[in-house]
Amino acid sequence: MAVMTYLEAIRAGLRQEMQRDPRIVIWGEDVGVRGGVFRVTEGLQQEFGEDRVIDSPLAEGAIVGVAIGAAINGLRPIPEIQFGDFIFPAMNQIVEEAARMRYRSNNDFHVPLVIRAPIGGGIHGALYHSQSVEAFFAHVPGLKVVVPGTPYDAKGLLAAAIADEDPVLFFEHKAAYRSLRGEVPEERYLIPIGKADVKREGQDLSIITYSLMVSYALRAAEALAQEGISVEVLDLRTVRPLDRQAILETAKKTGKVLIVHEDNKTGGIGAEVSAILAEEVLFYLDAPIRRLCGPDVPAMPYSPPLEHAFMITPEKIAQAARELARF
Amino acid sequence: MAVMTYLEAIRAGLRQEMQRDPRIVIWGEDVGVRGGVFRVTEGLQQEFGEDRVIDSPLAEGAIVGVAIGAAINGLRPIPEIQFGDFIFPAMNQIVEEAARMRYRSNNDFHVPLVIRAPIGGGIHGALYHSQSVEAFFAHVPGLKVVVPGTPYDAKGLLAAAIADEDPVLFFEHKAAYRSLRGEVPEERYLIPIGKADVKREGQDLSIITYSLMVSYALRAAEALAQEGISVEVLDLRTVRPLDRQAILETAKKTGKVLIVHEDNKTGGIGAEVSAILAEEVLFYLDAPIRRLCGPDVPAMPYSPPLEHAFMITPEKIAQAARELARF
Amino acid sequence: MTPELMKEIYYYMALSRAVDDRMWILNRQGKAPVVYSSNGHEAAQVGSAFALRRGEDWIAPYYRDLALVLAWGMTPREVMLHVLARAADPNSGGRQMPAHWGMRRLHILSGGSVVATQNAHATGIALASKMLKDGRVAVAYFGEGSTSQGEFHEALNFAAVWKLPVVFFNENNGYAISVPQRKQMAVVDVAAKAAGYGIPGVIVDGNDPVKVWEVTRAAAERARRGEGPTLIEAKTYRFVPHSSDDDDRAYRSREEVMEWKKRDPLVTFEQRLEAEGILSAEEKAAMAKQIRDLVNDATDYAEKAALPDPATLERYVYAE
Amino acid sequence: MTPELMKEIYYYMALSRAVDDRMWILNRQGKAPVVYSSNGHEAAQVGSAFALRRGEDWIAPYYRDLALVLAWGMTPREVMLHVLARAADPNSGGRQMPAHWGMRRLHILSGGSVVATQNAHATGIALASKMLKDGRVAVAYFGEGSTSQGEFHEALNFAAVWKLPVVFFNENNGYAISVPQRKQMAVVDVAAKAAGYGIPGVIVDGNDPVKVWEVTRAAAERARRGEGPTLIEAKTYRFVPHSSDDDDRAYRSREEVMEWKKRDPLVTFEQRLEAEGILSAEEKAAMAKQIRDLVNDATDYAEKAALPDPATLERYVYAE
Ligand SMILES: Cc1ncc(C[n+]2csc(CCOP(=O)(O)OP(=O)(O)O)c2C)c(N)n1
Ligand SMILES: Cc1ncc(C[n+]2csc(CCOP(=O)(O)OP(=O)(O)O)c2C)c(N)n1
Ligand SMILES: [Mg+2]
Ligand SMILES: [Mg+2]
């Protein structure tokens with residue numbers, strides 16, 4: 001099997017899907033001639049033409065709004081938002097239109113649409129090129145929110161997102177683009193949306209996480225294994241819908257849960273995961289539910305000492321897990 | 001003391017503040033000549049003139065964006081968003097600009113600004129005139145989010161919001177406007193933002209809630225008292241910042257917590273409240289933390305049977321509390 | 001325009017007015033909590049509808065467009081099922097507020113309440129039509145107040161750059177609820193906005209269905225030829241409050257309303273058809289009776305129809 | 001324009017270019033992870049700055065506006081503290097990416113990265129000025145790509161309706177990162193967009209600081225007289241990639257860049273001042289030395305300055 005970066009896996013997935021289905025069209029800022037500011041769509045305009053890989057005007061509201069109309073009239077659009085930070089001008093179209101088209105029309109209309117955007121930080125992106133925006137959308141009925149943590153998952157979840165008949169937000173971690181590598185099959189495969197994945201089995205405690213933090217959690221688990229602490233790592237893979245069953249199972253199994261995400265703590269995905277546990281398996285828990293998350297400041301500052309202070313690292317995860325194991 | 005509706009209390013508060021401080025300016029759609037579609041600003045343009053109560057163009061992004069600039073150059077703007085449902089075109093200005101102006105400028109700039117908007121349903125408002133939008137903003141560092149549940153609180157919290165040096169979202173429940181009445185002092189008073197309020201003391205379980213649901217919870221508590229169940233009702237009053245201490249105290253006191261809100265359950269305020277409890281006072285709890293919330297559909301449909309099925313009622317709260325008390 | 005077509009347009013204008021009037025009665029009877037009216041806009045809506053391939057082209061209407069959707073093929077029964085929020089409402093199954101139209105079969109795009117979003121949707125529909133070469137034109141309808149929204153601008157710009165087969169049809173009635181046009185924009189004509197997008201901006205008397213038909217046809221043909229979008233501004237007036245929750249006496253004088261009423265499109269078009277000998281007294285009476293019967297039938301039908309089952313509340317959030 | 005003023009403008013253009021060049025060196029040395037440049041835009045920025053009451057009027061710049069903020073009063077040391085993300089950076093304390101200007105004392109509005117939002121802020125500043133009668137004009141600066149954003153439209157419309165003392169200053173360099181203007185809009189001139197707002201749209205050669213100064217002065221005076229906003233389009237070019245992360249060879253030919261370089265505003269203005277006998281060889285050499293010293297000093301100073309203390313990460317989310 002080929003070894004690819006996270007970015008290459010996404011590009012390979014896009015290419016494969018576009019070869020398969022001529023209705024798939026990509027547009028966004030700089031996605032065509034330039035191949036995207038991160039080069040995710042590099043080569044696609046050459047291969048599929050200017051009609052199917054479109055450099056759009058600089059307007060996220062229209063990028064998504066036009067995609068909604070196009071999806072309704074027969075295309076399968078995959079618009080790109082250049083940075084997750086710039087998704088807010090499109091918030092209205094995503095939340096008020098895409099998410100509720102099916103519900104408001106009593107199933108007469110629906111919007112098959114995949115919105116791709118890079119999230120997260122750690123690459124000197126500062127306040128406006130580092131944000132984690134998944135929690136806003138995970139709160140919205142009618143949306144699905146996918147947050148892959150490995151190259152393999154990225155390709156398989158992308159195929160599933162494109163096959164989905166409802167709007168999917170596909171959030172790629174920009175620090176993962178070139179830093180994560182892994183085996184990725186050539187052939188098409190679909191990873192079901194809404195299924196979490198146990199990335200590592202363990203007995204003493206569970207780390208529940210997603211996106212870039214999956215690999216950090218695995219590194220922390222590795223380190224802790226040396227100390228005799230056995231950590232289970234559950235990768236949520238999608239944060240809406242959440243895989244309740246998988247969440248409950250790992251908590252019941254280990255009795256101790258550490259939730260990790262890079263997004264701000266208050267009102268993040270961790271809150272909902274914790275609330276599900278407190279509702280359903282409270283008496284299985286041997287320790288308080290811990291959340292290790294980004295601090296409650298507006299994304300991460302630029303200057304290295306501040307960025308570093310913001311970011312969650314494998315070491316910080318290991319430390320939190322160690323404390324929890326000892327509880 | 002005068003008895004006023006929730007709406008009258010807000011109007012009285014606006015008038016009193018505008019009399020006190022000539023820098024306060026209101027604008028929004030239909031707020032001037034028409035006095036607002038709910039009549040909250042009725043009479044204010046007559047009293048304070050067209051310069052201070054402005055009928056703005058139909059553009060929420062500009063309504064908020066202009067307010068940010070005006071606040072920076074010396075006004076104290078109180079823009080109105082006609083319905084909470086229509087706040088999304090302003091999301092970008094609120095989240096990316098207002099909320100982080102202080103942080104990004106390292107305290108050089110700040111934005112004293114109160115954005116008023118009606119939220120909630122139960123008035124045949126259907127999908128687009130019924131939404132609860134507070135959770136989106138409660139996730140955002142740099143914002144404060146106020147959700148009064150009584151006429152008295154509405155006036156006192158409004159004064160505090162206007163006095164605040166940071167951007168505050170002031171969400172008024174539209175079903176409360178004319179249905180809730182209570183005593184409201186003539187003189188100016190401030191209720192601190194970030195302090196919850198025990199609206200009723202009790203021993204057996206705690207209901208934690210806010211906005212319209214406060215009065216519903218009190219009705220439920222009244223009914224349960226007849227059955228010998230003693231319910232404490234904690235009104236959060238503001239959902240960012242949350243009053244952690246008050247939340248922990250009531251949970252420690254009764255050992256059983258029911259969180260109630262009209263907003264969709266997944267990723268709502270209840271998730272964060274529950275997560276705080278699971279993190280801090282897990283071992284004080286005698287029962288799972290229950291959430292009684294709006295179902296996970298995009299706001300409430302129009303047709304009465306569907307609207308009714310969506311809405312949380314005092315009866316539904318009493319039933320959930322009864323079950324929890326018996327746990 | 002043929003006399004037959006003129007009569008057909010007249011018929012739909014009159015039908016719409018009759019359905020509209022009935023809605024207000026239902027509102028006063030407490031049977032329809034909210035009503036949005038097309039009263040006054042009929043010429044603009046019906047005239048434009050007949051300039052398009054009804055049912056094949058796409059329309060993206062807003063809450064003001066009762067006459068439009070009737071002319072497009074929605075039946076009075078279907079409208080009344082929607083107004084009374086019945087389970088069989090084909091627009092939304094009773095989920096949406098009245099006047100939130102949408103029927104996939106007829107190519108009427110489902111609309112929400114957030115103004116101006118449909119401009120982007122129509123643009124996207126047109127993008128798909130261009131790619132898939134299905135020959136369709138998409139038409140977005142909207143009020144002049146909604147042109148202040150950023151999404152209006154984004155959609156027109158996108159459509160213009162890609163020369164998409166879409167028409168932006170503005171129904172300018174001079175008010176956005178209570179806000180008069182002079183507080184909404186610093187131009188006299190919405191059509192002036194076309195200049196910023198490099199597309200034609202056409203002003204038309206929105207109370208004359210024939211003129212509206214002509215300019216809409218020209219715009220649709222231009223779109224079909226691949227020459228891109230047109231912005232049409234139909235100047236008109238609404239004779240009733242913004243909705244049943246509004247009281248327009250707060251913001252406009254009765255004199256102003258009466259002045260416009262003299263140009264009521266239904267009355268003036270009727271007079272013209274009579275004067276030109278196109279519509280005989282008998283034909284008119286027959287039409288009136290047919291319309292009365294239809295509206296009565298639709299009301300009865302809808303009143304008897306079942307309300308939605310509360311058990312369906314959580315359905316259709318996602319594909320099932 | 002007096003010869004003195006011309007020399008001062010030239011000085012700031014040259015200073016900006018020198019600071020700019022140094023930033024790229026720091027980037028290549030790995031000391032400045034990201035650089036945004038005003039290289040090529042100097043005439044538009046400095047010419048407009050001198051047409052305003054520097055430090056009293058408000059500017060709302062974007063990331064392209066190094067020359068503007070230098071002309072407005074920010075010192076090279078202050079710029080370098082920002083570029084190198086030092087604790088003493090007066091723009092953001094090292095929190096923001098370079099070129100995210102903001103200094104309250106100088107009336108330079110703090111900017112984020114989301115394009116076009118500053119148009120509404122400048123409009124709001126102007127609304128306050130009008131109410132408080134402080135006599136200030138607010139000027140928003142922005143690229144032509146950002147005019148596709150809805151917020152651009154909303155701000156211009158709002159400002160036009162209320163005739164606010166604000167100027168919208170477009171630096172049209174023909175590209176939004178890789179996207180050429182013809183894919184961004186279907187008009188040749190950004191100034192054409194003014195028609196939709198009922199305000200003047202003025203086109204000016206952005207490589208001629210004197211012409212820019214003239215039109216900006218006229219717009220500012222008009223604003224101060226209470227006659228409302230103006231949209232100025234300064235046509236110019238950026239000679240370098242969008243940022244240090246960009247590679248512009250992917251989307252524009254070297255011939256095109258060379259063609260524009262012939263009209264490098266710094267070179268042509270220098271030639272003009274020399275030809276007109278305004279700038280002597282000695283003066284030029286003295287200025288060059290002064291600039292070199294300043295840039296060296298600023299770089300050294302900033303390199304030695306302390307980085308932010310990580311313990312400050314959670315400060316200033318709210319008032320303290
Ligand atoms: C984004 C948004 N903001 C506010 C509203 C509330 N609202 C509904 S209709 C309306 C006025 C629209 O006026 P116009 O576009 O002129 O249409 P008309 O009703 O006059 O036909 C307003 C403000 C809304 N629906 N959407
Ligand atoms: C809302 C938003 N979307 C996308 C971006 C990413 N981005 C940064 S600059 C830029 C191009 C801007 O071009 P233009 O406005 O012409 O300014 P120039 O850089 O050419 O001066 C883009 C797409 C952004 N900053 N904000
Ligand atoms: Mg109107
Ligand atoms: Mg540009």
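Chain naming here is simple, since letters A, B, ... match the order of the sequence lines and numbering starts at 1 in each.
In this view, D/E151 and B/N92, B/Q93 satisfy the side chain to side chain donor-acceptor pair (under 3.5 Å) rule, not counting sequence neighbours.
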Going through the checks in order, is the side-chain contact (heavy atoms from CB on, under 4.5 Å) test met by D/V317 and A/D296?
CA-CA 8 Å; D/V317 178; A/D296 278 331; over 6 Å; no
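Surrounding CD of D/E256 are more than 12 heavy atoms belonging to other residues, nucleotides or ligands, all under 6.0 Å away. Within a 6.0 Å sphere centred on CZ of D/R254, other residues, nucleotides and ligands contribute more than 12 heavy atoms.
Among all heavy-atom pairs drawn from A/H129 and D/S113, the shortest one is CE1-OG, 3.5 Å. In plain terms, the two heavy atoms of D/L307 and A/P305 that are nearest each other are CB-CG, 3.7 Å.
At a 4.5 Å heavy-atom cutoff, D/D89 makes no contact with chain A through either its backbone or its side chain. Of the atoms belonging to A/Q82, it is side-chain heavy atoms, and not backbone ones, that fall under 4.5 Å from chain D.
Annotation: residues 22-34 of chain D contacts chain A through D/A32, D/P33, D/V34 [non-hydrogen atoms, separation under 4.5 Å]. Proximity to chain D among residues 306-321 of chain A is limited to A/L306, A/A309, A/F310, judged by heavy-atom separations below 4.5 angstrom.
Between A/R34 and D/H242, every side-chain heavy-atom pair lies at or beyond the 4.5 Å cut-off. Here the side chains of A/H124 and D/D245 are not in contact, with every heavy-atom distance at 4.5 Å or above. At a threshold of 4.5 Å between non-hydrogen side-chain atoms, the residues D/Q149 and A/E60 count as touching. A/P295 has its side chain within reach of D/L313: a pair of non-hydrogen atoms, C-beta onward, lies under 4.5 Å apart. By the 4.5 Å heavy-atom criterion applied to side chains, A/L58 and D/Q184 are counted as neighbours.
Of the listed residues D/S146, D/A311, D/A176, D/P308, the one with more heavy-atom pairs under 4.5 angstrom with chain A than any other is D/P308. Counting heavy-atom pairs closer than 4.5 Å to chain A, the top residue among D/V115, D/L84, D/D246 is D/D246. Among the candidates D/T147, D/V179, D/T117, the residue making the largest number of heavy-atom pairs closer than 4.5 Å to chain A is D/V179.
A donor-acceptor pair under 3.5 Å links the side-chain atoms of A/S303 to the main chain of D/A85, judged by distance alone.
Counting only residues at least two apart or in different chains, ring pair (Phe, Tyr, Trp, His ring centres under 6.0 Å) contacts with residues 38-72 of chain A comprise A/F38-A/F83, A/F38-A/Y177.
Here OH of A/Y128 is found 7.5 Å from NE2 of D/H100. Values are rounded to the nearest 0.5 Å.
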